[in-house]
Each structure stands twice: as structure tokens, then as C-alpha cells.
2 protein chains.
Amino acid sequence: MSQLPRFWNLGWSSFIDWWSSQSASEQDYVTTTGPSQPYGQQHLNEPLLDHREGQLFLTEAFKVILEEVLCKGTDVNEKVCEWREPEELATLLDLELREYGEQQYQLLQRVRDVAKYSVKTNHPRFFNQLFAGVDYHALTGRFLTEALNTSQYTYEVAPVFVLMEDEVLSKLRSLVGWAQGDGIFCPGGTMSNMYAMNLARYRAFPEVKLKGQWALPRLAVFTSQEGAVPFLVHATSGTTVQGAFDPLEPIADICDRQGLWMHVDAAWGGSVLFSKEHRHLMRGVERADSVTWNPHKMMLTGLQCSAILLKDTTDLLKRCHSADATYLFQQDKFYDMSLDTGDKSIQCGRKVDCLKLWLMWKAVGSQGLEERVDRAFAHTRYLVEKMMKREGFQLIGKPEFVNVCFWFIPPSLRGKENSPDYQDRLSKVAPVIKERMIKQGTMMVGYQPLGGRVNFFRMIVISPQLSYQDMTFFLDEIERLGNNL
Amino acid sequence: MSQLPRFWNLGWSSFIDWWSSQSASEQDYVTTTGPSQPYGQQHLNEPLLDHREGQLFLTEAFKVILEEVLCKGTDVNEKVCEWREPEELATLLDLELREYGEQQYQLLQRVRDVAKYSVKTNHPRFFNQLFAGVDYHALTGRFLTEALNTSQYTYEVAPVFVLMEDEVLSKLRSLVGWAQGDGIFCPGGTMSNMYAMNLARYRAFPEVKLKGQWALPRLAVFTSQEGAVPFLVHATSGTTVQGAFDPLEPIADICDRQGLWMHVDAAWGGSVLFSKEHRHLMRGVERADSVTWNPHKMMLTGLQCSAILLKDTTDLLKRCHSADATYLFQQDKFYDMSLDTGDKSIQCGRKVDCLKLWLMWKAVGSQGLEERVDRAFAHTRYLVEKMMKREGFQLIGKPEFVNVCFWFIPPSLRGKENSPDYQDRLSKVAPVIKERMIKQGTMMVGYQPLGGRVNFFRMIVISPQLSYQDMTFFLDEIERLGNNL
């Protein structure tokens with residue numbers, strides 16, 4: 001824990017004082033609002049919205065969020081999920097949207113219900129996806145982003161976020177190894193990768209912007225044998241299932257020789273760049289033309305936070321994507337129009353995705369982020385060590401990253417590797433264990449088949465909430481759920 | 001104001017009691033945390049994250065958000081924006097990301113700073129974009145979405161939101177006039193429109209999914225004279241600048257005859273469908289194949305909330321976009337796999353965008369949403385009436401929607417329409433008035449040139465916070481800022 005800030009010395013009671021001074025007493029509230037009116041009868045000369053009532057509701061809901069999602073939702077003694085069959089859940093939630101609105105107390109119950117039946121991805125036993133855990137500074141950034149509700153297209157309406165995005169992108173680029181360059185936050189890794197394709201194509205064939213794909217020769221990603229024109233090599237740092245890293249140096253050699261755009265999809269693996277110990281996994285990344293990196297995965301910023309980073313210094317991003325909408329990008333503004341970075345995006349309105357990362361980074365520093373990455377690797381090593389000592393766990397490859405892929409072989413299948421129905425029976429193990437863990441709500445971990453391999457588990461170790469006990473729990477729980485299969 | 005919920009009778013003091021019981025006293029906090037440790041020295045057997053400290057910070061930040069963004073940020077006596085030159089702002093914000101983290105009190109000051117220097121889009125005098133104002137139930141939905149932080153791809157990790165998205169989309173479709181169909185939330189209108197293009201192309205040429213664009217004839221949006229194959233007609237309901245609506249019936253007639261995909265971009269105008277009085281503007285929309293509709297614009301859900309709605313009942317969306325990722329869409333799950341709707345998206349991770357709309361809808365009902373739309377039209381009519389009575393305001397067309405486009409002619413230019421430099425001088429009026437209003441922070445409204453017209457203002461009237469006084473203020477303020485030009 002970091003030092004106790006002096007701020008806290010103001011103490012909890014001052015918070016309560018503040019609330020009391022800010023808000024009407026119950027009596028005030030009752031007297032100032034007067035008798036209720038049907039919603040539609042209000043005069044056009046009065047606002048339709050009551051800020052005080054709204055703020056009271058928001059505050060009550062904040063309490064519920066704190067209690068249900070952040071306290072109970074991160075407590076190992078509480079369930080990770082509260083499974084219900086879809087029909088039952090639909091009934092419980094009473095989803096139907098109707099002609100008339102509901103009372104505040106009913107709406108607050110709905111907030112509770114949504115929280116109760118949602119999966120607790122902040123829970124220490126949620127290992128199911130490439131994201132997990134909560135960072136409170138990032139979450140604060142997200143609440144603030146939502147409350148400010150602006151769109152990241154011009155300095156005019158997003159002055160803070162235009163400058164902040166620039167700083168965050170610049171810092172991410174410097175981790176890649178670029179002193180200069182460009183970039184933008186996209187609504188996810190798919191979009192970031194699509195940007196790389198657009199840019200590579202545009203660099204090779206600028207006429208595509210006016211004439212379309214039809215004016216171009218047949219294009220290929222990678223070199224093709226069929227006479228098509230290769231324009232982009234797509235390498236991956238951190239594959240989704242196994243967490244594998246492509247060797248970037250030899251790929252860069254080929255791209256150099258052939259003049260191809262080199263793109264690295266490091267949506268998952270990019271965060272190793274924070275770590276002096278582990279960044280060698282991406283050796284050569286500075287030779288790429290573009291890198292996709294999703295801090296919403298390993299770095300806990302929360303969905304969505306995905307950057308496309310570019311080495312380019314010729315304004316390619318803007319040249320490729322700009323549409324020069326006159327209602328946003330007026331050329332006679334009283335400030336430097338290059339700050340209106342929105343024209344680099346194919347979107348018009350674009351959510352602010354930089355604040356959550358920025359505030360978290362300010363909170364723990366590059367050093368703190370490095371610590372998280374190193375810690376996840378250390379926990380992964382620990383888990384693998386323990387796993388290898390237990391009968392019934394069979395690793396699929398040595399983990400390069402924080403993905404641990406393995407089969408659990410139940411006692412009834414051990415030593416039967418050569419029986420003809422072994423693969424078939426093994427393939428049914430993971431789905432049953434998964435069903436049991438979800439219905440009991442004890443933890444969540446993913447499984448999948450891949451290539452010739454039948455269903456195997458993929459354990460993801462990232463949350464800073466984790467400790468050795470959670471690794472032990474994980475192994476025990478897999479055994480408990482699968483031993484009688 | 002709606003009826004006082006009985007819930008509130010529990011009163012504010014019970015909130016304070018709850019807080020007191022939930023939280024440590026200052027003394028507890030000091031004694032339980034002990035001496036500070038360097039961040040990196042913690043043992044791997046302890047969580048790196050302190051939930052209590054994080055939750056205290058979040059709560060303090062919530063207070064700041066409530067005070068700065070929601071109380072002051074919606075107060076007409078406070079500024080809409082706090083203009084700073086970019087260099088000065090960068091210095092004030094101290095954006096640099098460093099090696100070591102900061103103290104909580106410093107971070108809280110950063111939350112304050114971000115709030116202070118950001119544009120207050122919730123302010124009643126923010127008329128600058130196609131969004132404005134705050135709805136507290138939608139904002140609650142957004143906070144809850146952020147806290148729950150899941151990805152909308154499978155029933156497994158988003159059970160509530162899979163069912164909820166289905167209900168919301170179904171309700172939006174019924175407003176379009178479709179009893180059945182499909183759809184999905186996208187990260188913005190551009191993406192929703194892109195989906196329509198993808199689907200129309202795929203319906204016409206399913207081979208595009210495997211062979212790419214290269215295998216297709218040259219395609220055209222609209223009918224082309226040049227022998228290309230038309231595949232999609234793109235109509236607009238509510239243009240960005242003037243708020244104009246394309247006549248949908250005749251377009252549908254053509255599409256019917258030619259077998260073309262009819263797409264309606266109603267990102268901005270779609271919300272008229274809530275209103276029995278105004279939905280005639282989109283007469284014929286039920287004949288379209290797809291509709292883009294962004295509730296984050298007129299309906300105040302907050303960015304991002306954009307739906308692509310489809311009439312199709314043949315699973316085209318999934319057939320066109322599915323990638324069958326085995327690590328998400330396992331075919332041996334213990335529940336109905338059709339609930340894993342994520343394979344309809346071109347994204348993998350996808351933010352939950354339905355909850356904010358759903359909760360707001362539950363709060364005010366379809367009737368309340370209709371009221372908001374009708375009210376915005378009524379305020380627009382009022383503004384136009386008043387504007388026409390004032391010298392110096394020159395309307396550009398009669399508003400069809402809630403966009404009011406006009407020139408302000410300062411006294412020095414009145415009656416000089418025929419002088420050779422009139423257009424040139426008029427073009428400089430809006431930028432100067434805009435600069436003055438931003439630097440004084442009194443309000444924000446957009447301007448742009450369009451076609452042959454020099455810079456004119458575009459006033460957007462949507463927020464339910466507005467009243468007649470705000471319309472009067474607007475006209476007075478334009479005069480005040482521009483009268484000496």
C-alpha cells in the first residue's frame with residue numbers, strides 16, 4: 001500500500017458533512033418538490049429534468065455499485081457468477097420496456113438485479129477472458145469520462161482529452177521504441193488492426209481513397225504465390241489462446257527487403273513492453289510500421305481502451321482517413337487546427353478512452369505497471385510449477401506469457417491414452433467442469449479446442465488481486481469439479 | 001417531476017448511516033494500514049491491490065464528479081467551458097506520465113483539474129454538437145456498465161446484457177415498424193453504417209466473405225451510369241447540419257423495383273420515431289432493410305450508443321460476420337449457443353452499450369421519451385418564432401427538425417447585401433462570435449460553411465433541461481457578442 005495521503009486526514013466525517021451541506025434534508029426535499037405531476041404536463045418554460053432528484057438517485061446507485069459490484073463482487077467468499085437459465089433470468093429481470101416510467105425505488109432494485117446476475121469480472125477467481133480485475137483509478141477515470149460525456153474530435157469540445165491522448169500515445173510509442181510517430185485510440189483491437197490495413201493499403205495505393213478498392217490490383221496480406229500484390233505482413237505478439245509471440249526480427253528483415261508494411265497485433269501481448277525483464281518477447285517491435293495494443297486487457301483499464309500506434313511521421317493517418325467535415329473541422333478557428341485530431345479517425349463521434357489509462361498510470365507510475373506485468377509472469381510460473389507436481393494436469397506447451405493451457409485428465413482416463421475413445425472422452429471433460437463451476441459460481445476459466453487438440457483449459461493470470469492461494473484454489477477446484485468424471 | 005418514491009423516505013440520514021457502517025473511521029484506517037511500503041516490495045502471496053483504499057478514492061472522486069461535473073457543470077451561473085490556450089492547459093494539467101506513482105490527494109486534484117478544464121456538455125448552454133444534457137438514469141447505467149466491465153460476446157460472461165440488448169433492439173425495431181428482425185449495438189454511427197454496407201454486399205455477393213472484394217464486380221452505392229453494379233441506396237433521416245429528412249417512400253419504391261438494399265442513416269433523426277406527432281418525417285422507414293440509430297445523440301444516453309437495426313430474419317448478420325472463434329463460441333456449451341450473439345459483430349471484445357438506454361427507458365417509459373422529442377420540437381419552434389422577430393437573424397430554411405441554421409448579421413452589415421465584400425465579411429462573423437463565447441465561457445454553438453453558403457450558425461435544441469429562458473438567453477447572447485462586429 002502506498003503512503004497514507006494527507007488528504008485522508010480530512011477523514012470520513014468531513015465527507016458526511018459535505019454531503020449534508022450539499023443536500024437537502026428529507027423535509028426540504030418533500031416540501032420543495034410539491035405534489036407530483038404527470039410527466040407530460042409540464043410547461044415548456046420549466047426544465048423537464050430535476051437535477052437534485054437525479055443526483056440523489058445516482059448517489060443511491062453508487063452505493064449499490066460499491067456494495068454489490070466492488071465489495072461483494074471482489075470477495076472470494078462470494079460467487080463469481082449467479083447462473084440462471086435464460087428464460088428464468090429474463091423473468092427475474094423483467095426486461096420489457098413499457099409506455100410509462102417506474103418509481104425510483106423500483107429502478108434502484110433494477111440496478112441491484114443487474115449487478116446481482118452479472119458475471120463478476122473483478123472477482124479474483126475470474127480467469128475466463130483476457131481481462132480481469134479492477135483498478136480503482138482506472139475506474140475513476142471511467143466514471144469521470146462518462147459524467148463529462150464528450151466526443152474526442154476537436155480541441156474545442158475535448159481540450160483536456162486531445163492533449164491527454166497525445167501524451168498517452170506518445171508514452172506508449174516510446175515503449176515500442178519510437179521517438180516520434182502517430183496513433184489514435186480505437187473502439188477495440190479489431191478496429192485498430194483494421195486501421196493498420198487501411199494505412200498500409202493507402203500508403204501503397206493512395207488512389208484507393210478516391211477510387212475505391214476496385215481501382216487497385218488484387219491485394220494480399222503476406223506474400224502470395226498467386227501473383228497478387230502483397231502489402232502487409234501481420235505479426236502477432238500474444239496469441240489469444242496460447243499467448244505465443246511471433247519472432248519479430250526475421251519478419252522485419254523480410255518486410256525491409258520487400259518494402260512491406262509490418263503490423264504487429266500486440267492487443268494482448270503489448271503490455272510486456274512495460275517490463276524490462278519480459279520485453280524481449282517483442283524484440284524488434286520498433287522496426288514495425290504499426291502496433292495494436294489494448295490496455296483494456298492486461299492493464300485493467302476496462303473496456304474499451306485500444307491504441308493503434310504508428311511509426312509514420314508524414315501524417316498518413318490523417319491523409320488516409322480525413323473527410324474534412326466542415327461542421328467539425330472549420331479552417332478558420334482561432335486556435336491551431338492540428339489539435340482537432342478527430343479527422344484521423346474513421347469515426348465521427350469517438351468515445352474518450354485515454355483518461356482511464358492516464359489516471360491509472362499517474363497513480364502507479366511506469367514502475368507500478370511494470371510490477372503488475374512481472375507479478376503476473378511470476379504467478380504464472382508458480383502455477384505451472386504446482387500444476388506439474390499434480391497428477392492429472394497435462395500442460396500444452398510451456399507458457400511464453402500468462403496463458404496456461406492444459407488438459408485435466410480425470411482419474412478414470414489416466415493411463416488410457418491409447419484407448420480408441422480417449423480423445424473423445426477427454427474432449428467432454430472441460431465442458432462438464434465448466435458447467436459445474438458456472439452453476440456453483442466458484443470460478444470461471446475458458447476452454448476451447450484448437451488445431452488437432454480436443455477441448456483444453458486456458459487459464460489467464462493477470463489480476464493484481466491474485467496471490468499464491470488463488471493458484472492453489474484453482475488447481476484444487478479443477479480437481480474437485482472433475483475428479484468423478 | 002415524477003412522484004416522490006417511497007424509497008426516499010428512508011432519507012438522507014440513512015445514507016450517512018450506511019456509509020458510516022460500511023467504512024472504517026479515520027482512526028481505523030490509520031491503524032489498519034500500517035507503515036507504507038515501496039510499491040514493488042510486496043510479496044507475491046499478497047494481493048497488490050487494496051480494495052478499501054481504492055474504494056475510498058473512488059468515493060472521494062465521486063463527490064468531485066457530483067460537485068464539479070453534475071452540480072456546477074449544469075448550473076447556468078457557471079461557465080460552459082474554461083478556455084485555455086493548449087500550451088497553458090498542458091502545463092496546468094501536468095500531463096507527463098512518469099516512473100513513479102502519485103499520492104491520492106494529488107490524484108484527486110487531477111480529477112478536479114480534468115473536470116474543471118473539460119467542456120461541460122451537460123450544461124444547459126451547450127448547443128455545440130448533436131448531443132447535450134444529462135440523464136441521470138442513463139448515467140447510472142453507464143457507471144454500472146463500467147463497474148461490471150464485461151464484454152458483450154457470450155451469454156456466459158454477459159448473461160444480463162445479452163438478454164437486455166435483445167429487448168432494447170426489439171423495441172427499437174418495433175418503433176421502425178418491424179415485428180421481427182435483427183440488429184446489434186456498434187461503437188458509433190460510422191460503424192453501424194459500415195455494417196449496413198457489409199451486409200448489403202454480402203447479400204448480393206456471399207463469396208465476398210471468402211474471396212474478398214477482388215472477386216466481385218465493381219460495386220456502387222446508388223445507381224451509377226458507368227456500368228458498375230449498384231447494391232445499396234443510402235438515405236438519411238436527419239442530416240448533420242440542417243437536420244433534413246430524405247423522402248423514404250419514393251426511395252423505397254426504387255429499391256423495391258431494382259432489388260437494392262435500402263439503408264437509412266437515422267443516427268441523428270431516428271429519435272423522431274418515439275413521437276406520434278413527428279414520426280411522419282420518417283414515413284416509409286419500415287420498408288428499409290437497415291436503419292442506423294444513435295440514442296447517444298438526441299436521447300441523452302451518453303457516448304457511445306448506436307444501433308444497427310435489420311429487417312432480415314435469415315441470420316444474415318451472423319452469416320456475414322461470424323468468425324467462429326473456438327475460444328469464445330464453443331459448440332458444446334451447456335446452454336443455447338444462439339445466445340452468444342458476439343459472433344454477429346466484427347469486433348471481438350465489445351463494450352456494453354444497452355444498459356444505459358434500458359435503464360433510462362425503464363425510468364421514463366416510451367411516453368417520457370416521446371415527451372422529450374416533442375418538447376425539443378416545441379422549443380425549436382419557439383426559438384424560430386422569436387428569432388424571426390429580431391433584426392439581424394436570418395434563417396437558412398425552415399427547420400424540419402431541431403437544427404436551427406442561421407446567419408447573424410451585425411448592424412454594420414445590415415442592408416449591405418449587395419456590396420461586393422458582403423459575403424466575405426459575413427463569413428468572418430460566426431468565427432469571431434464563437435471565439436468570444438468560448439473565451440468567456442457563456443455558451444457553445446457550432447458554425448460551418450456549407451455548399452455555397454458562408455459560415456452560419458447551427459443551433460441544436462435537445463436537452464430536457466432547456467426552457468424558454470434559455471432560448472431568449474441564446475438570442476440575447478449572440479447579439480451581445482456580435483453587435484459591434
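Just so you know, these numbers use all the heavy atoms, side chains as well, and skip hydrogens, waters and symmetry mates. Throughout, a chain's letter reflects where its sequence line sits, starting with A, and its residues are numbered from 1.
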message: Using the side chain to side chain donor-acceptor pair (under 3.5 Å) criterion, which residues pair with A:Q129? Sequence neighbours excluded.
response: B:Y153
- request: Answer with side chain, backbone, both or neither: which region of B:V168 has an atom nearer than 4.5 Å to a non-hydrogen atom of chain A?
  value: both
- request: Fit a plane to each ring of B:F62 and A:F62, take the angle between them on a 0 to 90° scale, and name the class: parallel (under 30°), tilted (30 to 60°) or perpendicular (over 60°).
  value: parallel
field: Residue A:K428 versus chain B: region with a heavy atom under 4.5 Å
entry: neither
- prompt: Tell me, side chain or backbone of A:I346 under 4.5 Å from chain B's heavy atoms, or both, or neither?
  reply: both
- line: Applying a strict 4.5 Å limit to non-hydrogen atoms, the region of A:K362 in contact with chain B is both
- request: Heavy atoms only, distances under 4.5 angstrom: which of A:E167, A:K120, A:Q448 has the most pairs with chain B? Name it, please.
  value: A:E167
message: What part of B:D332 gets within 4.5 angstrom of chain A, counting heavy atoms only: side chain, backbone, both, or neither?
response: both
field: A:R98, part contacting chain B, at a heavy-atom distance under 4.5 Å
entry: both
message: Using a 4.5 angstrom heavy-atom cutoff, name the option from A:Q106, A:R458, A:K434, A:R350 with the most pairs to chain B.
response: A:K434
field: Portion of A:Q469 that has a non-hydrogen atom of chain B nearer than 4.5 angstrom
entry: both
Under 4.5 Å from a heavy atom of chain B, the part of A:Q213 involved: side chain
task: Go through the structure and list residues passing ring-ring contact (aromatic ring centres under 6.0 Å, His included) with B:F143, not counting sequence neighbours.
output: A:F143
- prompt: Quick one: what part of A:L355 sits under 4.5 Å from any heavy atom of chain B, side chain, backbone, both or neither?
  reply: side chain
field: Part of A:N149 lying under 4.5 Å from any heavy atom of chain B
entry: both
message: Does any backbone or side-chain atom of B:L95 lie under 4.5 Å from a heavy atom of chain A? Answer side chain, backbone, both or neither.
response: both
message: Does any backbone or side-chain atom of A:V69 lie under 4.5 Å from a heavy atom of chain B? Answer side chain, backbone, both or neither.
response: side chain
- request: Give the C-alpha distance, both sets of side-chain angles, the deciding distance and a yes or no for side chain to side chain contact (heavy atoms under 4.5 Å, CB included) between B:T140 and A:L107.
  value: CA-CA 10 Å; B:T140 299; A:L107 295 164; over 6 Å; no
task: Counting only heavy atoms closer than 4.5 Å, note whether B:Y382 contacts chain A via side chain, backbone, both or neither.
output: neither
Toward chain B, the part of A:N455 with a non-hydrogen atom under 4.5 Å: side chain
- request: Answer with side chain, backbone, both or neither: which region of A:Y335 has an atom nearer than 4.5 Å to a non-hydrogen atom of chain B?
  value: side chain
message: Quick check on the interface: out of A:T240, A:L93, A:L466, A:D166, who has the most heavy-atom pairs with chain B under 4.5 Å?
response: A:T240
statement: Counting heavy-atom pairs under 4.5 angstrom with chain A, the leader among B:A61, B:P431, B:A147 is B:A147
task: Quick one: do A:F57 and B:H137 satisfy ring-ring contact (aromatic ring centres under 6.0 Å, His included)? Show the steps, please.
output: CA-CA 8 Å; A:F57 182 81; B:H137 295 101; 4.5 Å; yes
- line: If one checks every heavy atom of B:Y155 against chain A at 4.5 Å, the contacting part turns out to be side chain
message: Would you compute the distance between atom CD of B:Q103 and atom CG of B:L108 and round it to the nearest 0.5 angstrom?
response: 12.5 Å
- request: Using non-hydrogen atoms and a 4.5 Å limit, figure out which bit of B:L339 sits close to chain A: side chain, backbone, both or neither.
  value: side chain
field: Short side-chain donor-acceptor distance under 3.5 Å, B:Q55 and A:Y136
entry: yes
field: Side chain / backbone / both / neither for B:V241 at chain A, heavy atoms under 4.5 Å
entry: side chain
field: chain A contact via B:Q304 - which portion, at a heavy-atom distance below 4.5 Å
entry: both
Atom group of B:L328 that falls short of 4.5 Å from chain A, counting heavy atoms: side chain
message: Which atoms of B:I65 are under 4.5 Å from chain A, going by heavy atoms: the side chain, the backbone, both sets, or neither?
response: side chain
message: Heavy-atom cut-off 4.5 Å, strictly under: side chain, backbone, both or neither for B:T190 against chain A?
response: side chain
task: Identify which of A:G133, A:P124, A:P449, A:G446 forms the greatest number of heavy-atom pairs closer than 4.5 Å to chain B.
output: A:P449
- prompt: Yes or no on side-chain hydrogen bond (donor to acceptor under 3.5 Å, both in side chains) for B:E60 and B:Q104, after CA distance, side-chain angles and deciding distance?
  reply: CA-CA 10 Å; B:E60 291 294 327; B:Q104 304 301 312; over 6 Å; no
